[in-house]
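Structure first, then comments.
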Amino acid sequence: MRRKAGSLIPIEVRILAAGLAFRGRGQPDFHGFLVAKEIQADSGARQLTAHGTLYKALDRMEKAGLLRSRWEDADAAANERRPRRRLYEVTPTGERALADAARAERALGAAGSRADRAGASQRGVLEGA
Amino acid sequence: MNDLVERLARSWVRLYTLGLGPEARANRRAEIDSDLWEHRHDAAATGSTGLAAAVLWRVLAGTPHDVLWSVEARGSGPGVAIGMPWRSQRGLQAAIVWGTAFFAMALGLIDAAGMPILAFMVLGIGGVLLVAGLMRAVLGSPGGVGP
């Protein structure tokens, strides 16, 4: 199934939302495992996002300009005796895309409510007849 | 068990990044290495159990996306073009079908019956089939150039 150009799929929305949540907590960038943990905590999922799903999405989002990434300084990783982290940051384009997705969802929700109200009113008319 | 699953994860990454451009290959391998380290470190820090099963699930559930990503990266990057004779294509298709079936069985066993040893045996068979088929597909087979 092809998606509409410029629209976000759920994993992309979650990654962007997690990235902005980190920024709100004073942490401008994040690595793959960290965002997987955040998504799990936020969604209440039993498992962390699968490697393939997560890293394919991060790669696609970087190519689309929603995220930018850099490899952290090798010394920082060596000091903590761990592999280097690839650090991602939400770009202004990513922020706008998330805001657009939220607006679209609200509009869809409002349209759904109007349809529900219209349906209820029609049912009322029919029942009253 | 954790070491075994991490080895499996690294082997899988090595397999699906074979033939990609050096940067894409090195980046993906390093990123998964980092993720495995963070996952292990996090489990130790939080005292959570079932690390091997959790990592195995993350590897297996992501395999379709890994394969798709690999195919896309081959199409867009400066990777090594791999010609695929028709017999190799059949080997690849069979390996993917059987490998996926065994992976699915292994996942089911872990999730439903909690039988990690049996699940790992089934997973091992699936992995061997998948690797053998992919090797055959990548390396080609003698005289396998079809019509």
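In what follows, every chain begins at residue 1, and chains take the letters A, B, ... in the order their sequences are listed. This structure is a prediction, so every number in the text was calculated from the model and none was measured.
Rounding to the nearest 0.5 Å places CG of B:Asp33 at 14.0 Å from CZ of A:Arg85. Of the inter-residue distances, the one linking B:Arg58 atom CZ with A:Gln47 atom CD reads 9.5 Å to the nearest 0.5 angstrom. The CG atom of B:Asp66 sits 8.0 Å away from atom OG1 of A:Thr53, with the distance rounded to the nearest 0.5 Å. The distance from the NE2 atom of A:His51 to the CZ atom of B:Arg28 is 10.0 Å, given to the nearest 0.5 Å.
Under the side-chain contact (heavy atoms from CB on, under 4.5 Å) criterion, A:Arg23 pairs with A:Leu20, A:Glu89, A:Val90, A:Glu95, not counting sequence neighbours. Considering only residues two or more places apart in sequence or on other chains, B:Asp3 meets the salt bridge (Lys or Arg N to Asp or Glu O under 4.0 Å) condition with B:Arg40. Under the salt bridge (Lys or Arg N to Asp or Glu O under 4.0 Å) criterion, A:Asp42 pairs with no residue at all, not counting sequence neighbours.
Residue A:Glu80 qualifies as enclosed at atom CD: its count of foreign heavy atoms under 6.0 Å is above 12. Other residues, nucleotides and ligands contribute at most 12 non-hydrogen atoms within 6.0 Å of the CD atom of A:Glu105. Other residues, nucleotides and ligands contribute more than 12 heavy atoms inside 6.0 Å of the CZ atom of A:Arg25.
Most heavy-atom pairs under 4.5 Å with chain B: of the set A:Thr49, A:Asp59, A:Leu48, this distinction falls to A:Leu48. Options A:Gly52, A:Ala36, A:Gly32 differ in how many heavy-atom pairs under 4.5 Å they form with chain B, and the most are formed by A:Gly52.
Side-chain atoms of A:Tyr55 and B:Asp35 include a donor-acceptor pair closer than 3.5 Å.
Among residues 67-78 of chain A, the residues having any heavy atom closer than 4.5 Å to a heavy atom of chain B are, in sequence order, A:Trp71.
At a threshold of 4.5 Å between side-chain heavy atoms, the hydrophobic network of Ile, Leu, Val, Met, Phe, Trp and Tyr places A:Leu16 and A:Leu87 in two separate groups.
Residues A:Arg86 and B:Asn27 are in side-chain contact: their nearest non-hydrogen atoms beyond the backbone lie under 4.5 Å apart.
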Might you work through the side-chain contact (heavy atoms from CB on, under 4.5 Å) test for B:Glu31 and A:Phe33, ending with a clear yes or no?
CA-CA 9 Å; B:Glu31 201 156 19; A:Phe33 180 76; over 6 Å; no
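No donor-acceptor distance shorter than 3.5 angstrom exists from the side chain of A:Arg82 to the backbone of B:Trp37, with no hydrogens or angles considered.
Only the side chain of A:Leu54 comes within contact range of chain B, judged by heavy atoms closer than 4.5 Å. Both the backbone and the side chain of B:Leu68 come within less than 4.5 Å of a heavy atom in chain A.
Closest approach of A:Ala50 to B:Gly62, counting heavy atoms only: CB-N, 3.5 Å.
A salt bridge links B:Glu72 with A:Lys56: at least one charged nitrogen is closer than 4.0 Å to a carboxylate oxygen.
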